[in-house]
Structures are given as structure tokens and as C-alpha cells.
Amino acid sequence: MPARHKLLSLWLLLSGVTFFAGLLCAAWLDSQIQPTGNLRLIIWGVSLASGLLIFLLGFVLEARLMRPLRHLQVQVARMAANPDAQDDYPPEGWLETLQPDLNQLRQGWRQDRALLADARIQGAKDAARIRQELEALLQVLKLPLLLCDQHQRLLLFNPAAEKLFAENPALGLGRRLEELLPAPSLIDALQNLPKDGSPRQLLLPHRNRWFLCDLRRVVASQGEALLMLEDTTERQQSDMRWRKPLSTLLPALRGHAANLATAGELLSNGGTTAELNQRLQLAMQEDSQALSGLISELAQLLEALHLDQGQLTDTWSNDLWQALTPSLSQQEISLTPIGIPLWVRADTPSLLGLLQKVIQLLQQVTNKKDFEAEIQLGNNRVYLDLIWQGQPLHLKQLKEWSELPLANEEISPKLGDILRRHSSDWWSLADLDQNFARLRMPLPAATRVYPPLPTIEARPEFHDFSIADLPPPTNELGQLALNQLELVVFDTETTGLELRKGDKIISIGACRIINGRLLAQEVFDQKVNPGRAIPPASTKIHGLVDADVEKSPPISVVLPRFREFVGNGVLVAHNAAFDLLAVTLEGAEAGIEFTMPVLDTLLLSRGLDENLEGHGLDALAKRFQLTFPPNTRHTALGDARVTAELLLTLLSRLEARGITTLEAALELQNTVMHNKKS
């Protein structure tokens with residue numbers, strides 16, 4: 001029971017006992033003395049006065065002392081978290097005289113903070129300029145780039161790396177590299193990198209792809225390593241297409257060439273018989289014919305290599321049209337896409353050049369400046385059509401175009417070469433209405449069906465070099481400072497509150513705190529199909545209905561990805577017992593365990609302010625002036641983010657009480673739980 005409730009109970013008990021004791025005393029005196037008039041009123045008044053006095057004194061103490069003390073406690077707690085906190089609990093009652101001193105403390109704190117900020121400005125300007133230049137450079141780099149410290153924790157990654165690992169929840173600042181790329185050869189290579197910064201290369205398999213990994217130690221650093229990744233899957237497959245036949249052709253070529261050289265040497269030296277000369281000439285003729293055939297095969301191999309489709313990549317048709325628009329607009333040519341966009345397999349740079357050249361030729365032949373473009377599915381192919389109003393082109397015209405170079409350079413490929421690279425040809429045909437004609441080019445179809453994912457806004461943070469100053473992850477976790485922990489704050493929404501009776505998770509949201517800083521885009525947000533109906537009573541709380549989750553993956557898919565997102569972090573939740581039970585019960589069915597330490601902001605708040613009432617998330621958000629963005633309350637990610645902000649608010653207050661390590665915070669939680677049970 002909180003101390004305030006104990007005092008209230010004691011006050012009411014003392015008032016009641018005193019009042020009834022005075023009542024009995026007055027009744028006894030009245031029966032013994034049998035007073036009359038004013039004496040009787042005095043006896044009853046004096047006997048009941050003590051009880052009434054204690055009762056009234058309690059009201060005065062509550063109004064003039066106890067309530068002002070509670071308000072002062074809230075205001076001081078706000079100031080400890082932020083000196084700019086709203087001052088809506090000024091000292092009142094008998095504490096009213098503390099207002100000037102409180103204002104002085106607040107003003108002094110603000111002034112000291114302003115002086116410190118001014119002292120950092122000059123150095124911060126240079127740091128900000130360097131950071132902006134670094135971020136600009138990282139944005140334009142096409143190769144995925146990772147920087148990790150000596151303990152293989154990620155300090156930096158660029159947008160190309162974010163795109164490469166978009167579906168991997170293990171990407172994040174402070175995360176271990178082995179969680180992202182679990183290859184023993186990579187970890188071994190990192191531990192044995194030369195200190196002079198010379199590079200090492202490693203061919204790395206990852207999720208059915210091959211990456212050429214360039215590793216090097218950052219010179220004059222604390223053991224940081226830089227990794228550049230290049231996807232070489234297509235190159236590897238392309239190499240295999242010509243290495244195998246070449247490995248057969250070359251020994252045969254060498255053999256026949258050696259035979260010819262030997263026969264020629266014998267003939268040139270003379271001293272051979274006519275019969276031997278005839279045999280040697282016959283052998284040379286056979287070797288020459290075989291050599292000619294092998295050279296022809298080699299030429300065909302080189303031609304096939306030149307037209308190798310290993311360079312073809314999946315391309316979204318709308319991206320083709322958008323890439324063509326700027327150059328065509330300069331020539332006042334209009335190209336309007338029609339139909340449903342599709343994926344095609346194409347060597348995009350050369351195909352764009354081909355389309356641009358062909359549209360220019362069409363404009364010259366047809367005198368039209370308005371064209372349409374359409375992509376259609378064919379028989380295992382995709383038809384790319386350029387459409388104009390008029391008559392089809394003659395076959396002779398298309399053959400002439402096939403021999404035209406793409407550009408005015410000697411090494412420039414011909415338009416026909418680009419078509420052959422796509423195993424394609426072209427022809428012209430009229431539409432059924434005979435008013436429009438089209439130029440058709442069949443292209444290889446891609447296996448992808450759905451449109452590309454929408455562009456994700458760039459992360460506001462993708463590097464944090466201060467992570468390198470954190471203690472090694474092998475240190476005893478309980479002894480690490482709270483502001484040096486990797487904290488994963490999470491929340492769940494469920495079909496109901498009876499988890500042990502079958503209620504299921506329908507949403508998991510989480511965010512990450514590294515080095516005492518909440519990372520805005522390091523989030524996990526996923527709805528879950530619970531495999532059962534969502535009761536209307538639960539919908540009233542979180543707003544989710546069956547239609548919202550019916551297309552979401554089941555928990556057997558979501559929970560392993562959430563476990564990857566958590567990694568080696570410490571879990572944090574508000575009223576963690578419920579959320580931890582939810583993921584533990586679901587995890588038991590999928591063989592996933594959550595054995596890491598767990599911090600509960602509800603218990604921490606009770607430990608800090610045991611005399612205050614209201615430790616729910618809404619009450620604490622109001623107390624510390626934390627706001628939920630619109631429509632985010634009772635969403636998993638929305639609640640997780642506010643819980644993370646609440647935790648950061650509580651950390652400074654925990655530190656002021658000497659609770660600076662994970663072990664001390666867990667001990668405080670255990671104490672609160674023990675007191676609650678007792």
C-alpha cells in the first residue's frame with residue numbers, strides 16, 4: 001500500500017477512534033453528573049472536540065502540506081528529466097515560499113546548460129560540416145558500405161547497404177556483424193586484417209547470392225574495419241557459362257597446334273622418307289581442319305559471350321518510361337505509357353539507348369511526335385510495343401535500322417546486337433482498327449510479379465561512431481551502465497487479455513535505443529494474422545479488425561524476424577509481464593526463446609515514485625509531458641516509442657539515486673515486485 005494511503009487510513013482511524021471515545025465519554029459523564037444547560041453543552045463539546053480537531057487537522061495538512069509535497073515531487077521529477085519542463089505545479093500551501101528558490105535552481109540549470117552549449121558550438125560547426133560531407137558522399141555511393149568497430153559492431157552503413165539488407169531485421173547501428181552476415185570466414189578475416197590498411201577480398205555467400213567483399217583496416221583507428229560488398233552472382237553465373245566450354249576448347253587447341261608445330265619441324269628438317277612425308281602432310285591436314293573447327297567454336301563462344309544475357313536484370317517497365325522522358329522532352333517528343341506495367345529482363349542501359357534511338361528514327365519516318373508505349377504478356381515473353389497513328393513499317397526498313405550503330409563510335413554496338421543480346425527481334429504490325437501501327441520487340445519475362453516496393457525515406461541516422469567507445473559486448477551484462485546498453489523497447493497488441501486461454505498476438509512493434517539515444521528509423525512494425533477472429537471488445541482498444549490482419553503473415557513467420565531484430569539487446573516494455581508472456585507463449589510453439597534481461601518501465605516508475613499514484617502509460621506520459629502522435633495510442637509501435645521516451649526520462653532519475661547499471665535496475669524491479677506481493 002502506498003505511504004499516502006497508509007497515512008490516510010491512519011488519519012481516518014485515529015479520527016474515528018477519538019470521536020467515538022469522546023462520544024462514549026460524554027455519554028458516561030452525562031449519565032453520571034446529569035448536567036443541565038450550558039454545562040451539558042460544555043461536556044459534550046469538550047468530549048467531541050478532540051475527534052473533530054484531529055479530523056479538521058488532517059484536512060488542513062492535506063491541503064497545506066501533503067498535496068503541495070506531492071505536486072512538488074512531480075515538478076522536481078520533471079525538472080530532473082528536463083529543465084524546460086512545463087511549470088504547472090508551482091509550490092503552494094506552506095511550501096509557497098520555495099518558489100523563488102525553485103525558480104533560481106531552474107534558471108541556474110538553464111544558464112549552465114546554455115553555457116555548455118555555447119562552448120560546444122565552435123567545435124560542433126566543424127563536426128557538422130564534416131558530417132554533412134560524409135553523409136552526402138555515402139548517399140551517392142552505389143556499393144553497399146559497412147563500417148564496424150573492433151568488436152564487429154556496426155558504426156556506419158550507407159543507403160546502398162540499407163537497400164541490400166532491406167528485408168534483414170539485423171541491420172542497425174550497434175548490431176553485431178555476425179547477425180547480419182553469419183559467415184565464419186568473414187569473422188576470421190576481420191580478426192586477421194593487416195594493420196597497414198591493405199585490402200583483403202573474400203567471396204561471401206548470403207541468401208542464395210554471392211558477394212565480393214573487400215575488407216580493410218582503417219589506418220590510425222581503434223581497430224575499425226571497412227567492408228564494401230559487390231553482388232557478383234550474375235558475374236559468377238556468366239563466368240560459368242563460358243569457363244566450362246573454354247576449359248574444353250583450349251587443351252584441344254593446344255594439342256592440335258602442338259601437332260602442327262611438330263609435323264612442320266620434321267618436314268623442314270628434311271631426311272624423311274616419302275611415305276613419312278605423306279603421313280605427316282595428312283596429319284597436318286587433319287589437325288588444320290580440326291583446328292579450324294575449334295577456332296570456329298571459339299568464335300561462336302566469344303560471340304555468345306558478347307551477347308551474354310547474364311547482364312540482364314529485372315526492370316520495372318514504368319522505370320524505363322520515366323528514364324526516357326527527359327531526353328525525349330528536349331526533342332519535343334511525347335511518349336505516353338498505357339496498359340498495366342510489368343517486370344522485364346533487360347540490359348537497362350543498352351535497352352534505353354535502343355528505345356531512344358528508335359523513337360528518334362520513328363519520328364523522322366512518320367513525322368509524328370506523339371507516341372504510346374505498352375507492355376504486354378506473351379508466351380513466356382513480354383512484348384514491348386511502340387505505337388503511333390499511321391501505317392506499319394516495312395521489313396526492309398527494320399533491317400536497315402538493325403545495322404545502325406547505337407552511337408557515333410567505332411566500338412558502339414549495333415541496334416541488332418542489342419536485340420540479339422535480349423534474344424529478341426522486331427517487327428511492325430497494324431492494330432485491328434487499321435488506324436494505329438506498332439513496333440513490337442519481345443523481351444525476356446521476369447519471374448517477379450508485384451510492383452517494386454515504395455521508396456523508403458532515408459534514415460536520419462546511419463552512422464554513430466560513439467558506439468566504438470562502448471564496452472566490449474563480452475563484458476558482464478549486469479555490470480554495464482544503463483546508458484551503454486542496447487535496449488529494444490517493444491509492445492504487443494493481442495486479441496484479448498487471456499493469453500493462457502488462447503488469445504493471440506496481432507501486432508508487434510519495437511524500437512531501439514543505442515548509447516542512450518532513440519534511433520528514429522530502427523523499428524520493427526508488423527501486423528500478425530492470429531488465425532482467429534478479433535473480438536469487438538479488443539477492437540475498441542486497438543482499432544484492429546479481421547480485415548486489417550488477414551493478409552499479414554502468421555506468428556511463425558513474424559516472431560523469428562522479431563527475434564533477429566532483438567539480437568543481443570535488452571528488452572524493455574511497460575507492464576512487461578504481459579508482453580513478455582505473449583511472445584514467450586507464441587515462441588514456445590515456434591522454438592524461439594527470449595531469455596535476455598527485461599526492464600519494465602512500470603516497475604521502475606513505482607520504485608522511483610512509490611508515494612505517487614498512477615503508473616500507467618497514459619498517466620506517466622501526462623506526468624512527464626510525453627505525447628502520442630495522432631492515432632498511435634494503443635498501436636504496438638506507437639506505445640513502444642512513448643515507452644522508450646519514458647525510459648530515457650527515467651534514466652537520469654535512476655542515475656541520481658545511484659542506480660546506474662543493469663544489475664541495479666533489475667534489483668530495484670525485484671524489490672518493487674516483492675513489496676507489491678507482501
Side-chain angles (χ1 to χ4, degrees), residues 123-124 126-183 186-187 189-191 193-195 197-202 204 206 211-231 456-473 483-488 511-524 564-565 567-569:
D126 294 336
R129 177 179 57 81
I130 295 172
R131 174 173 178 165
Q132 291 172 357
E133 293 173 352
L134 172 64
E135 291 181 353
L137 177 63
L138 292 174
Q139 291 282 358
V140 300
L141 282 177
K142 299 301 182 183
L143 286 180
L145 189 72
L146 303 171
L147 181 70
C148 62
D149 68 358
Q150 59 181 329
H151 305 297
Q152 284 84 57
R153 294 176 298 206
L154 286 180
L155 307 178
L156 172 150
F157 55 86
N158 66 339
E162 182 182 0
K163 181 179 180 181
L164 173 63
F165 297 105
E167 298 181 358
N168 194 327
L171 177 69
L173 296 177
R175 301 298 299 274
R176 299 292 298 277
L177 187 63
E178 62 187 18
E179 300 174 21
L180 188 66
L181 293 168
L186 175 61
I187 303 303
L190 285 170
Q191 294 172 348
L193 283 178
K195 296 183 179 180
S198 56
R200 292 289 183 270
Q201 289 190 330
L202 182 69
L204 197 65
H206 178 64
F211 292 94
L212 181 62
C213 183
D214 185 280
L215 308 93
R216 63 188 69 206
R217 184 80 62 193
V218 179
V219 181
S221 69
Q222 299 180 354
E224 289 87 353
L226 184 67
L227 293 82
M228 288 183 289
L229 300 172
E230 180 181 1
D231 190 343
I456 301 174
E457 184 179 354
R459 300 185 182 214
E461 65 278 303
F462 48 82
H463 60 83
D464 187 350
F465 299 118
S466 62
I467 293 173
D469 298 326
L470 295 177
N483 57 9
Q484 294 180 329
L485 292 171
E486 178 187 353
L487 303 167
V488 178
C511 52
R512 193 183 307 280
I513 296 175
I514 293 288
N515 214 10
R517 186 163 63 95
L518 176 60
L519 304 183
Q521 295 298 321
E522 288 287 329
V523 298
F524 184 92
E564 287 183 23
F565 179 83
N568 296 316

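Quick note: residue numbers are just sequence positions, from 1. The structure presented is a predicted model; accordingly, all values stated were derived computationally and were not measured.
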Exercise. Which heavy-atom pair separates L193 from R216 by the least distance, and what is that distance?
Worked result: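 What the structure gives for the nearest pair is CD1-C, 3.9 Å.
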Exercise. How many angstroms lie between atom CG of N568 and atom CZ of R175, to the nearest 0.5 angstrom?
Worked result: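 Atom-to-atom, N568:CG and R175:CZ are 7.5 Å apart.
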Exercise. If you take all heavy atoms of V523 and C511, which pair is closest and at what distance?
Worked result: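 Shortest heavy-atom separation between V523 and C511 comes out as CG1-CB, 4.2 Å.
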Problem set entry | Trace of the side-chain contact (heavy atoms from CB on, under 4.5 Å) decision for L519 with R517 | CA-CA 6 Å; L519 304 183; R517 186 163 63 95; 3.8 Å; yes
For this session: Side-chain contact test, heavy atoms from C-beta onward, threshold under 4.5 Å: evaluate it for L177 versus L146 and give yes or no.
Result: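 Yes - at least one pair of side-chain heavy atoms lies under 4.5 Å apart.
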Exercise. Looking at side-chain heavy atoms only, is the closest gap between P199 and L215 below 4.5 Å?
Worked result: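 No, every pair of side-chain atoms sits at 4.5 Å or beyond.
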Exercise. Could you walk me through whether L181 and L229 pass the side-chain contact (heavy atoms from CB on, under 4.5 Å) check?
Worked result: CA-CA 11 Å; L181 293 168; L229 300 172; 4.3 Å; yes
For this session: Could you tell me whether the side chain of N158 and the main chain of L143 form a donor-acceptor pair under 3.5 Å?
Result: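 Looks like yes, one N/O pair under 3.5 Å.
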Exercise. Would a 4.5 Å heavy-atom cut-off, applied to side chains only, mark F211 and L164 as touching?
Worked result: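 Result yes, sub-4.5 Å side-chain heavy-atom pair found.
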Exercise. Rounded to the nearest 0.5 Å, what separation is found between the CD atom of E224 and the CG atom of L156?
Worked result: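 So the gap between those two atoms works out to 11.0 Å.
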Exercise. Are any non-hydrogen side-chain atoms of R217 and P194 less than 4.5 angstrom apart?
Worked result: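 Counting from C-beta outward, R217 and P194 never come under 4.5 Å.
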Exercise. Closest heavy-atom contact between E564 and N168?
Worked result: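 Nearest pair, atom of E564 first, then N168: OE1-OD1, 3.8 Å.
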For this session: Any chance you could lay out the side-chain contact (heavy atoms from CB on, under 4.5 Å) test for L145 and L227, step after step, and finish with the verdict?
Result: CA-CA 6 Å; L145 189 72; L227 293 82; over 6 Å; no
Problem set entry | Distance-minimising heavy-atom pair for R512 and L173 |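 Shortest heavy-atom contact: CD-O, 4.2 Å.
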Exercise. What are the two closest heavy atoms between A161 and L171, and how far apart are they?
Worked result: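 Smallest interatomic distance, heavy atoms only, reads O-CD2, 4.2 Å.
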Exercise. Which atoms form the tightest heavy-atom contact between E486 and I514, and what is the distance?
Worked result: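 Shortest heavy-atom separation between E486 and I514 comes out as CG-CD1, 3.4 Å.
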Exercise. Can you list the steps and then say if L154 with L180 is a side-chain contact (heavy atoms from CB on, under 4.5 Å)?
Worked result: CA-CA 10 Å; L154 286 180; L180 188 66; 4.2 Å; yes
Problem set entry | Reported CG-to-CG distance for the pair L155 and L226, which is rounded to 0.5 angstrom |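 CG of L226 is found 10.5 Å from CG of L155.
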Problem set entry | Spatial distance of atom CD1 (I513) from atom CG (N515) [nearest 0.5 Å] |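 Atom-to-atom, I513:CD1 and N515:CG are 11.5 Å apart.
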Exercise. Quick one: does R176's side chain get under 4.5 Å of R153's, heavy atoms only?
Worked result: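 A side-chain contact under 4.5 Å exists here.
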